[in-house]
**Q** 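Here's a structure for you.
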Amino acid sequence: MSELREKFDQLPQDFDRMAIWNGIEKPKRQMFPYRILWVLLLLIGFSGVFWGINQYNKSTLDKNKVFVEKAVPSFGQKSDSSRLSMDLPQLAPIEMDSNAALAMEGHIGLLENEFSLAYPKPKAVSPKEEASFIASNEFFNSQSQHVYIGSWNLNPGVDLSTAISSDFYVFESADPGPVLSLSKVGRNRLSIRAGLGRHQTTFVSAGEEDIRWREKLEEAQLDYSLGLRYEREFKHQLLFSLSTTYKLYKDNIQTSYLRETEEQKVLESYELYNHYHLFTAQVELGRRFYLKDFFWDVSAGLGLQLKQITETDFFVSEGELASEVQIGEIYTNSRDVYTSLQTAIGRQIGDRIFIRTGLQLNSGIDLSAKEAPLQHRMGAGNAFVEAGIRF
Amino acid sequence: MGKFVTDKELVIACLKCDPAAQWELYNKYVQAMYNTVYRYTCNHQDTQDILQNGFTRVFKHLKNYDESKGQLLSWIRKIHVRCALDFLKKRKSFFEEIEEGLALPDQNPTAWEELEAGYILKFIEELTPRDRVIFNMRQIEGYSHEEIAEMLAININSSRVYLARAKKMLREKISAYQARLSIVQ
């Protein structure tokens, strides 16, 4: 009898553990300090978002002021070139091995080559036009149904992600940032999510010219996102989702370098400040598999991404033959249609906290690009930790 | 391997409202409970609803669990069986009294343990709900007819009749299945 019962107990059944777990009323720990901690986390999250918005507005205003100041004098007034000339002797020249320094040279090479194309026709191609943004990994971001306020959750948390775009060797990194999400519990879930992160872009590509000296600054900038998402769970842990995200971020890259050609030595300074407004809409179908101690998510999606870029470039070239400056704002709109494949592994740590990390592959077509419309991207290390106290 | 080695540790941590322990207890027993409840309902959605109710009761009454009276698994199973029965009883005329029925002696006892659980479950699904419940309670959970009669509020004779009928039906199905298998082979 008990033997047969054991056999029955071990029969594999395909059911949604999380859906059942979410419907169970569990005794909660009535400990005041935990509530205080949770409220503190919330406050930190909210104040982080407001602080970030203020910082962003402030830095944007400051940057505009700088540009105005720089735009007034012409290159002949030596405002920047004199600074570069002063700095140059203080730095030891770098003897670069062609193999060992491929990535470092490549970085300069891309900027240099791309800019040389951009210079006569600024709208044709510039490095930041090709810099790609990995669509927010919404499927993975949404698993925050563990803190209840009635039938709603409110979670403070942290996001961490990195991404590589293969087409132009652009490496994008986003440092951890606070995330707040409010989501409805149940089989039909609706969630609103606000995030604050740090965005940094680094170019890595192959170059050709001999760089004798260089100095670069790629600053991590704050980014802001706001998302709305609808999810529906079906049997067999199938998950359908429809999500929209708005994200605002910017890049700040300054590079100065001395390159040597057969005929001359040219000292160049390149400064780039870009603002991005990104709107993404995505439909996804995924499934969660429960392993012994972990869960494994797989999903596939189709999305549309609209991006508006405001580029503000500043370029100085000083040499025997060339001496010019260009400054101005360029507006670019792009439309991408992309497919995505995502996989992630995670672990539920108790009722309220989980950790997860995964990989995301995107292939898309830039509908507005005349050159190289195909783009392939890979995002790695997406990890999310969310915590809270159930009310 | 979970954080809590023994059920005793797990229960103590759950009583302290440790969410990690609650999750571990749930995760440890949910599959067995799913299979148990499914044998009664043969419906996945109903099973999920009953499990939510069952585990809610488990957490609520965990302080009443007495280790000396049996394993935690058995205690949790009893709660879930009761939840399944409560759920089924809500359906009108689910259990009918059989006043005059005759419980036939088991002429050809079947060695149920030797059969594969997968296809026994398939045949159990084909039984009528009433026969299925009695068969599960008596033959698989091990309740006595007295206990069954008390839990279902029927008389003992009804319980015996339902069981005999269920066994007969199952034996016929299994024999037919085995005959088909031998023809194919």
Side-chain angles (χ1 to χ4, degrees), chain A residues 1-35 38 145-148 185-187 233-238 290-295 346-355 386-390, chain B residues 1-3 13-27 29-39 44-45 47-63 73-74 77 110-118 120-121 124 136 138-143:
Chain A
M1 190 186 317
S2 63
E3 194 181 325
L4 182 60
R5 194 167 62 191
E6 279 175 24
K7 282 183 186 175
F8 276 124
D9 284 352
Q10 288 160 10
L11 278 178
Q13 288 281 7
D14 197 11
F15 63 96
D16 192 341
R17 284 172 189 242
M18 284 312 297
I20 298 170
W21 174 248
N22 287 333
I24 297 170
E25 292 172 23
K26 296 165 280 283
K28 57 194 173 185
R29 193 179 273 165
Q30 300 288 347
M31 292 180 72
F32 187 66
Y34 282 89
R35 293 194 173 197
W38 189 82
Q145 64 274 28
H146 309 298
V147 183
Y148 301 85
V185 183
R187 288 188 163 270
E233 281 185 22
F234 294 95
K235 282 183 181 177
H236 312 299
Q237 292 99 45
L238 282 175
Y290 287 95
L291 310 176
K292 192 178 177 188
D293 293 321
F294 297 89
F295 59 82
R347 181 167 186 176
Q348 191 80 31
I349 305 172
D351 181 12
R352 298 153 195 174
I353 304 174
F354 71 94
I355 53 171
E386 294 184 341
I389 294 294
R390 197 175 80 177
Chain B
M1 190 69 187
K3 184 179 163 187
C14 284
L15 289 173
K16 290 177 182 171
C17 302
D18 179 348
Q22 290 171 340
W23 167 254
E24 193 168 320
L25 183 142
Y26 166 78
N27 215 23
Y29 294 114
V30 67
Q31 182 172 334
M33 290 312 109
Y34 193 96
N35 283 313
T36 300
V37 173
Y38 182 79
R39 273 189 278 113
H44 289 287
Q45 189 57 53
T47 303
Q48 292 203 9
D49 293 342
I50 292 167
L51 253 63
Q52 285 184 346
N53 190 14
F55 274 102
T56 298
R57 283 197 204 176
V58 166
F59 286 123
K60 190 176 174 185
H61 298 289
L62 198 56
K63 58 181 178 294
L73 173 64
S74 306
R77 196 194 302 276
T110 305
W112 302 101
E113 290 79 2
E114 292 170 14
L115 298 170
E116 278 197 32
I120 296 182
L121 181 62
I124 289 175
N136 275 321
R138 176 75 187 104
Q139 206 66 34
I140 298 174
E141 314 296 350
Y143 288 105

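All chains are named by letter (A, B, ...) in the order of the sequence lines, taking the proteins before the strands, and each is independently numbered beginning at 1. What you see is a predicted model; the values in this text were computed from it and never measured.
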**Q** Please evaluate residues B:Arg39 and A:Phe8 with respect to the criterion side-chain contact (heavy atoms from CB on, under 4.5 Å), reporting the C-alpha separation (whole Å), side-chain torsions for both, the decisive distance (0.1 Å), and the verdict.
**A** CA-CA 9 Å; B:Arg39 273 189 278 113; A:Phe8 276 124; 3.6 Å; yes
**Q** Can you list the residues that meet the side-chain hydrogen bond (donor to acceptor under 3.5 Å, both in side chains) rule with B:Asn53, with sequence neighbours excluded?
**A** none
**Q** Which residues in residues 54-62 of chain B have any heavy atom lying under 4.5 Å from a heavy atom of chain A?
**A** B:Phe55, B:Thr56, B:Phe59
**Q** Could you list the residues that satisfy side-chain hydrogen bond (donor to acceptor under 3.5 Å, both in side chains) with B:Tyr26, not counting sequence neighbours?
**A** none
**Q** Where on B:Ile50 is there a heavy atom nearer than 4.5 Å to chain A: the side chain, the backbone, both, or neither?
**A** neither
**Q** When you compare the side chain of A:Arg17 with that of B:Gln31, does any pair of heavy atoms fall below 4.5 Å?
**A** yes
**Q** If you take all heavy atoms of A:Ala19 and B:Gln48, which pair is closest and at what distance?
**A** CB-OE1, 4.5 Å
**Q** So how far is it from A:Leu11 CG to B:Asn35 CG, rounded to the nearest 0.5 Å?
**A** 5.0 Å
**Q** Determine whether A:Trp21 and B:Gln22 satisfy the following criterion, side-chain contact (heavy atoms from CB on, under 4.5 Å), listing intermediate values before the conclusion.
**A** CA-CA 10 Å; A:Trp21 174 248; B:Gln22 290 171 340; 3.9 Å; yes
**Q** Please enumerate all residues that pass side-chain hydrogen bond (donor to acceptor under 3.5 Å, both in side chains) together with B:Arg77, with sequence neighbours excluded.
**A** A:Asp9, B:Thr36
**Q** At a 4.5 Å cut-off on heavy atoms, which part of B:Tyr38 comes close to chain A: side chain, backbone, both, or neither?
**A** side chain
**Q** Could you grab the distance from atom CD of A:Glu6 to atom CG of B:Leu73, nearest 0.5 Å is fine?
**A** 9.0 Å
